[in-house]
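Heads up, the thing below is written out as structure tokens.
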Number of protein chains: 2
Amino acid sequence: MLIRVDPASSTALFEQLAAGVRAEVMRGRVTVGQKLPAARELATSLDINVHTVLRAYQLLRDEGLIDLRRGRGAIVTDHARNYAALAESLPRLVAEGKRLNLSANALAALIREAYL
Amino acid sequence: MLIRVDPASSTALFEQLAAGVRAEVMRGRVTVGQKLPAARELATSLDINVHTVLRAYQLLRDEGLIDLRRGRGAIVTDHARNYAALAESLPRLVAEGKRLNLSANALAALIREAYL
DNA sequence: GGCTTGTTCTATTGAAAATAGAACTATAAA
DNA sequence: TTTATAGTTCTATTTTCAATAGAACAAGCC
């Protein structure tokens, strides 16, 4: 699993982390049943705080993407299959957004709006 | 133009405002050449600070969606036509996201990721 | 039993949002 | 050309939240 994090970004670290995991799941590089790195371990390798990683994990649990329990760690749930279904339609919309000169921010915000 | 704002949201007020305008543009309820409410006016009606509204407007200007100048106000540019092109494809993706039980947050984050 | 791993708690620091008020200037309209 | 409009710029304060830190705790696994 390849997760990058940009401390200089305006997006919160825990959000970046969660987004990174989601993206890896969508790409199929992280699949059902797979175990994510232990929070302390990932925190060390990314040189960030454990609590920040745990917050990202808890966010993913709330979404149903991982099963998170002490002693066991974070395991990707069946929910991950859903993400794969977007692997085609999502890049298509992104391409359209780019063609129209929309920023990533603008397009993401439109998604959020349309969700209500 | 109908803009709502939720002070309790984790999303910044100025981001919500900008998103609201973008959404109205996409829906065709705000069109090219149209003048947005004056910052002071909108601030009063939403019961938020003028600077917060101006920050949202400046964000939209940076995106090229409005022409913002003192004395004139905020006028929607040609760029708005691009948004209309998304009025179909975007709700389609949103529907798919909902069907897959993805949160608005997750889908928006995936958009952001795919944009890089 | 001992190791791993998340949970919970308190506390501190730093950055950014939001507010507030005032003075200023370009634009449009009367 | 005067006047009202409306964004720009400035300083300052308050508030919220991310991120860090450390410690004690509890569930699960070998």
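Naming convention: chains lettered A, B, ... in sequence-line order (proteins, then strands); numbering from 1 in each chain.
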message = Within the 4.5 Å heavy-atom criterion, are B:Val30 and B:Tyr83 side-chain neighbours or not?
response = no

inquiry  = Regarding A:Glu113 and B:Arg27, does a basic nitrogen lie under 4.0 Å from an acidic carboxylate oxygen?
reply    = yes

Please check: side-chain N/O of [X] versus main-chain N/O of [Y], any donor-acceptor pairing under 3.5 Å?
X: B:Arg61; Y: B:Leu68; answer: yes
X: B:Glu15; Y: B:Ala12; answer: no
X: A:Gln16; Y: A:Thr11; answer: yes

For [X] and [N], give me the distance from atom [atom1] to atom [atom2], rounded to whole Å.
X: A:Phe14; N: D:dT20; atom1: CZ; atom2: C1'; result: 15 Å
X: B:Gln16; N: C:dA17; atom1: CD; atom2: P; result: 13 Å
X: B:Leu13; N: C:dA20; atom1: CG; atom2: P; result: 12 Å
X: A:Asp67; N: D:dA27; atom1: CG; atom2: C1'; result: 13 Å
X: B:Ile75; N: C:dT27; atom1: CD1; atom2: P; result: 12 Å
X: B:Leu59; N: D:dG7; atom1: CG; atom2: P; result: 16 Å
X: B:Glu41; N: D:dA6; atom1: CD; atom2: P; result: 7 Å
X: A:Asp62; N: C:dT7; atom1: CG; atom2: P; result: 10 Å

request  = Spell out yes or no: do the side chain of A:His51 and the base of C:dG6 have one donor N/O and one acceptor N/O closer than 3.5 Å?
outcome  = no

Is [X] touching bases, backbone alone, or none of the nucleic acid, heavy atoms closer than 4.0 Å?
X: B:Gln58; result: sugar-phosphate
X: A:Arg40; result: base
X: B:Leu54; result: base

message = Is there a side-chain contact between B:Arg55 and the phosphate of C:dA18, meaning an N or O under 4.0 Å from OP1 or OP2?
response = no

ask   = Quick one: on DNA chain D, does A:Arg70 or B:Arg61 contact a more 5' nucleotide (nearest heavy atom)?
value = B:Arg61

Among [options], find the nucleotide with the atom closest to the side chain of [X].
X: A:Ala38; options: C:dT5, C:dA18, D:dG28; result: C:dT5
X: B:Arg72; options: C:dG6, C:dA28, C:dT19; result: C:dA28
X: A:Asn49; options: C:dA20, D:dA21, D:dG7; result: D:dA21
X: A:Tyr57; options: C:dG6, C:dT27, C:dT19; result: C:dG6
X: A:Ala12; options: C:dT19, D:dA18, D:dG7; result: D:dA18
X: B:Thr52; options: D:dA19, C:dG6, C:dA18; result: C:dA18
X: B:Arg69; options: D:dT20, D:dT9, C:dT27; result: C:dT27

inquiry  = For B:Asp6, I'd like to know if atom CG has over 12 heavy atoms of other residues, nucleotides or ligands within 6.0 Å.
reply    = yes

